[in-house]
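These figures come from a predicted structure and were not determined experimentally.
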Amino acid sequence: GVSRDHIFSVNEGFEKGIDPKIISHPANCRLMIHTYNISKNKKSDITFENLLERIKNFDEKYKKNKL
(Lines give C-alpha, C1' and ligand atoms only; values in the text may rest on other atoms or scores of the structure.)
Protein backbone atom coordinates (compact mmCIF):
# COMPACT_ATOMS: atom_id res chain seq x y z
CA GLY A 1 0.00 0.00 0.00
CA VAL A 2 0.81 3.67 0.11
CA SER A 3 1.36 5.85 3.17
CA ARG A 4 2.04 9.49 3.96
CA ASP A 5 5.67 10.24 4.75
CA HIS A 6 7.12 13.24 6.55
CA ILE A 7 10.16 14.18 4.46
CA PHE A 8 11.76 15.84 7.49
CA SER A 9 11.22 13.28 10.24
CA VAL A 10 8.74 13.92 13.05
CA ASN A 11 11.20 12.29 15.44
CA GLU A 12 14.06 14.59 14.42
CA GLY A 13 11.75 17.60 14.69
CA PHE A 14 10.80 16.59 18.24
CA GLU A 15 14.44 16.02 19.22
CA LYS A 16 15.43 19.46 17.87
CA GLY A 17 12.46 21.26 19.43
CA ILE A 18 11.00 22.32 16.08
CA ASP A 19 7.47 23.76 16.14
CA PRO A 20 4.98 20.98 15.28
CA LYS A 21 3.24 23.37 12.86
CA ILE A 22 6.38 23.31 10.72
CA ILE A 23 6.69 19.52 10.83
CA SER A 24 3.01 19.04 9.96
CA HIS A 25 3.03 21.52 7.05
CA PRO A 26 1.80 19.99 3.76
CA ALA A 27 5.16 20.83 2.15
CA ASN A 28 6.72 18.25 4.47
CA CYS A 29 4.51 15.41 3.25
CA ARG A 30 4.58 13.02 0.34
CA LEU A 31 3.05 9.69 -0.57
CA MET A 32 5.29 6.68 -0.81
CA ILE A 33 5.18 2.92 -0.82
CA HIS A 34 4.49 1.81 2.73
CA THR A 35 7.35 -0.71 2.91
CA TYR A 36 9.87 1.99 1.89
CA ASN A 37 8.43 4.37 4.46
CA ILE A 38 8.83 1.72 7.17
CA SER A 39 12.42 1.00 6.11
CA LYS A 40 13.21 4.74 6.20
CA ASN A 41 12.43 4.58 9.93
CA LYS A 42 13.21 7.93 11.63
CA LYS A 43 15.54 9.25 8.92
CA SER A 44 14.97 12.68 7.36
CA ASP A 45 15.43 12.93 3.60
CA ILE A 46 15.99 16.71 3.66
CA THR A 47 17.65 19.22 5.95
CA PHE A 48 15.67 21.63 8.10
CA GLU A 49 16.83 24.49 5.86
CA ASN A 50 15.46 22.64 2.81
CA LEU A 51 12.16 22.14 4.62
CA LEU A 52 11.87 25.85 5.34
CA GLU A 53 12.51 26.60 1.66
CA ARG A 54 9.85 24.07 0.61
CA ILE A 55 7.37 25.68 3.00
CA LYS A 56 8.16 29.15 1.65
CA ASN A 57 7.66 28.00 -1.95
CA PHE A 58 4.44 26.15 -1.09
CA ASP A 59 2.97 29.13 0.74
CA GLU A 60 3.87 31.51 -2.08
CA LYS A 61 2.29 29.23 -4.66
CA TYR A 62 -0.93 28.49 -2.78
CA LYS A 63 -1.60 31.73 -0.93
CA LYS A 64 -3.16 33.07 -4.12
CA ASN A 65 -5.99 30.58 -3.65
CA LYS A 66 -6.91 31.75 -0.15
CA LEU A 67 -10.00 33.93 0.29
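- With values rounded to the nearest 0.5 angstrom, Asn11 atom CG is found 11.0 Å from Lys16 atom NZ.
- Evaluation of the side-chain contact (heavy atoms from CB on, under 4.5 Å) rule for Thr35 yields Ile33 as partners, not counting sequence neighbours.
- Residues Ile18 and Phe14 do not share a hydrophobic cluster, clusters being chains of Ile/Leu/Val/Met/Phe/Trp/Tyr side chains in contact below 4.5 Å.
- Scanning for salt bridge (Lys or Arg N to Asp or Glu O under 4.0 Å) contacts around Lys43 gives Asp45, with sequence neighbours left out.
- Note: Glu15 CD to Lys42 NZ = 7.5 Å, rounded to the nearest 0.5 Å.
- Within the 4.5 Å cutoff, the side chain of Arg54 has heavy atoms near those of the Ile7 side chain.
- Residue pairs satisfying the salt bridge (charged side-chain N to carboxylate O under 4.0 Å, His left out) criterion with at least one member in residues 31-40, sequence neighbours excluded, are listed as follows: Asp5-Lys40.
- Residues forming a side chain to side chain donor-acceptor pair (under 3.5 Å) with Ser44 (at least two apart in sequence, or on another chain): Glu12.
- Closest non-hydrogen pair, Phe8 versus Asn28, comes out as N-OD1, 2.7 Å.
- Nearest heavy-atom pair, Asp59 versus His25, reported as atom, atom and distance to 0.1 Å: OD1-NE2, 3.0 Å.
- In this structure, the separation between OG on Ser3 and OH on Tyr36 is 11.5 Å, given to the nearest 0.5 Å.
- Follow the hydrophobic side-chain contacts under 4.5 Å out from Leu52 and you reach Ile46 in the same cluster.
- Criterion: ILVMFWY side-chain heavy atoms under 4.5 Å apart, direct or through other members. Under it, Ile23 and Met32 are not part of a common hydrophobic cluster.
- With sequence neighbours excluded, no residue forms a side chain to side chain donor-acceptor pair (under 3.5 Å) with Ser24.
- Scanning for salt bridge (Lys or Arg N to Asp or Glu O under 4.0 Å) contacts around Glu53 gives an empty result, with sequence neighbours left out.
- Asp19 approaches Lys21 most closely through the heavy-atom pair OD1-N, 2.9 Å.
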